[in-house]
Amino acid sequence: MSKLPTLAHLKESATRAIALIGEVATAASEAIDEVVNTNVYEALQIAAEHTRLIMSLQTNLDNTQDDLSSTQEELDSTKEDLANLTESHETLSDSVDNLDTEMYEMQELSAEHTRQIMSARDGLEAITGEVLEVTLTNTQSYPFNDSQTTVQLSTTRSTKNYTILAEIESMTGGAVGDVEYSDKLLNGFKVAYTGSATSVTLKLYVQGGMQ
């Protein structure tokens with residue numbers, strides 16, 4: 001016949017069971033704490049890395065926005081410069097066109113002034129003419145005479161319709177007689193005297209012949 005456990009034995013068994021349960025609970029709690037702490041640490045590390053990445057992305061985004069703003073400012077400035085350049089080009093084109101017109105008008109005016117000056121010069125020459133001095137010599141005895149000399153005009157005439165006047169400057173070896181003109185050309189004529197002088201110096205005034 002088996003013996004029933006005593007009360008003391010039961011208390012002891014209960015105490016050991018409670019102690020064992022406490023040890024198991026403590027071990028479980030420590031295991032749970034370790035797992036929780038490990039997961040929280042890892043989660044905090046991941047969160048910190050995510051935060052760092054987000055801050056880096058935000059910094060890059062801010063820099064990109066600054067670059068875009070700077071690029072937009074440069075683009076606006078370039079557009080403004082282009083507009084100013086276009087306006088300057090149009091102004092320069094207008095100035096060149098005006099300058100061409102003014103130069104053409106100045107050339108026309110200059111040509112007209114030149115024509116007027118030449119006309120006035122021709123008119124003045126027609127009035128005042130040329131003054132030439134020539135010395136004629138005669139080697140023959142009167143009534144023969146070989147004093148005829150060709151006189152070259154410094155200004156070619158337009159027509160042969162010019163007049164010649166003679167003034168006796170000096171004479172030697174006899175009388176001058178008459179002064180005769182012949183063979184009138186646009187650029188000259190011939191002159192002679194008919195007297196017995198051996199040498200005569202004449203001052204010749206040529207007028208007209210300029211249209």
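Note that the structure is a prediction, hence the values are computed from the model and not measured.
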Could you check Gln140 against Ser147 for side chain to side chain contact (heavy atoms under 4.5 Å, CB included), going step by step and ending with a plain yes or no? CA-CA 9 Å; Gln140 296 186 6; Ser147 64; over 6 Å; no
Can you confirm whether more than 12 heavy atoms, excluding those of Asn161, are under 6.0 Å from its CG atom? no
If you count heavy atoms of other groups shown closer than 6.0 angstrom to CD of Glu49, is the number above 12? yes
Side chain to side chain contact (heavy atoms under 4.5 Å, CB included) evaluation trace for Thr101 with Glu105: CA-CA 6 Å; Thr101 301; Glu105 292 176 352; 3.7 Å; yes
Hydrophobic clustering (ILVMFWY, side-chain heavy atoms < 4.5 Å, transitive) - are Ile168 and Val134 grouped together? yes
Any luck finding a side-chain donor-acceptor pair between Glu180 and Tyr193 under 3.5 Å? no
Using 4.0 Å as the upper bound for N to carboxylate O, is an ion pair formed by Arg157 and Glu130? yes
Start with the C-alpha distance between Leu132 and Leu153, add both sets of side-chain angles, then the distance that settles side chain to side chain contact (heavy atoms under 4.5 Å, CB included), and finish with yes or no. CA-CA 8 Å; Leu132 306 170; Leu153 293 173; 4.0 Å; yes
No-hydrogen, no-angle side-chain donor-acceptor test under 3.5 Å, Asn98 and Glu102: no
Can you tell me how far CD1 of Ile18 sits from CZ of Arg16, rounded to the nearest 0.5 angstrom? 11.5 Å
Could you tell me whether the side chain of Thr194 and the main chain of Asp178 form a donor-acceptor pair under 3.5 Å? yes
Please answer whether the main-chain N or O of Thr137 pairs with a side-chain N or O of Ser199 as donor and acceptor at a distance below 3.5 Å. no
Backbone N/O of Met55 and side chain of Thr59: donor-acceptor pair under 3.5 Å: yes
Taking atom CG of Leu186 and atom NZ of Lys184, what is their separation to the nearest 0.5 Å? 10.5 Å
What's the spacing between Met210 CE and Ser158 OG if we round to 0.5 Å? 4.5 Å
Thr156 side chain to Asn187 backbone, donor-acceptor under 3.5 Å: no
About how many Å separate CG of Leu185 and CD of Gln152, when rounded to the nearest 0.5 Å? 9.0 Å
Aromatic ring pairing Phe189/Tyr162, orientation class (parallel under 30°, perpendicular over 60°, tilted between): tilted
Strictly distance-based, threshold 3.5 Å: is any side-chain N or O of Thr91 a donor or acceptor partner for the main-chain N or O of Glu87? yes
Say you draw a straight line from CD of Glu133 to CG of Leu202; how long is it, rounded to the nearest 0.5 Å? 9.0 Å
With Leu136, which of Asn145, Thr149, Thr201, Asp146 fulfils side chain to side chain contact (heavy atoms under 4.5 Å, CB included)? Thr149
What distance do Glu73 atom CD and Thr78 atom OG1 have between them, rounded to the nearest 0.5 Å? 11.5 Å
Does Leu204 form a side chain to side chain contact (heavy atoms under 4.5 Å, CB included) with Val151? I'd like the steps, not just the answer. CA-CA 10 Å; Leu204 302 175; Val151 178; 4.1 Å; yes
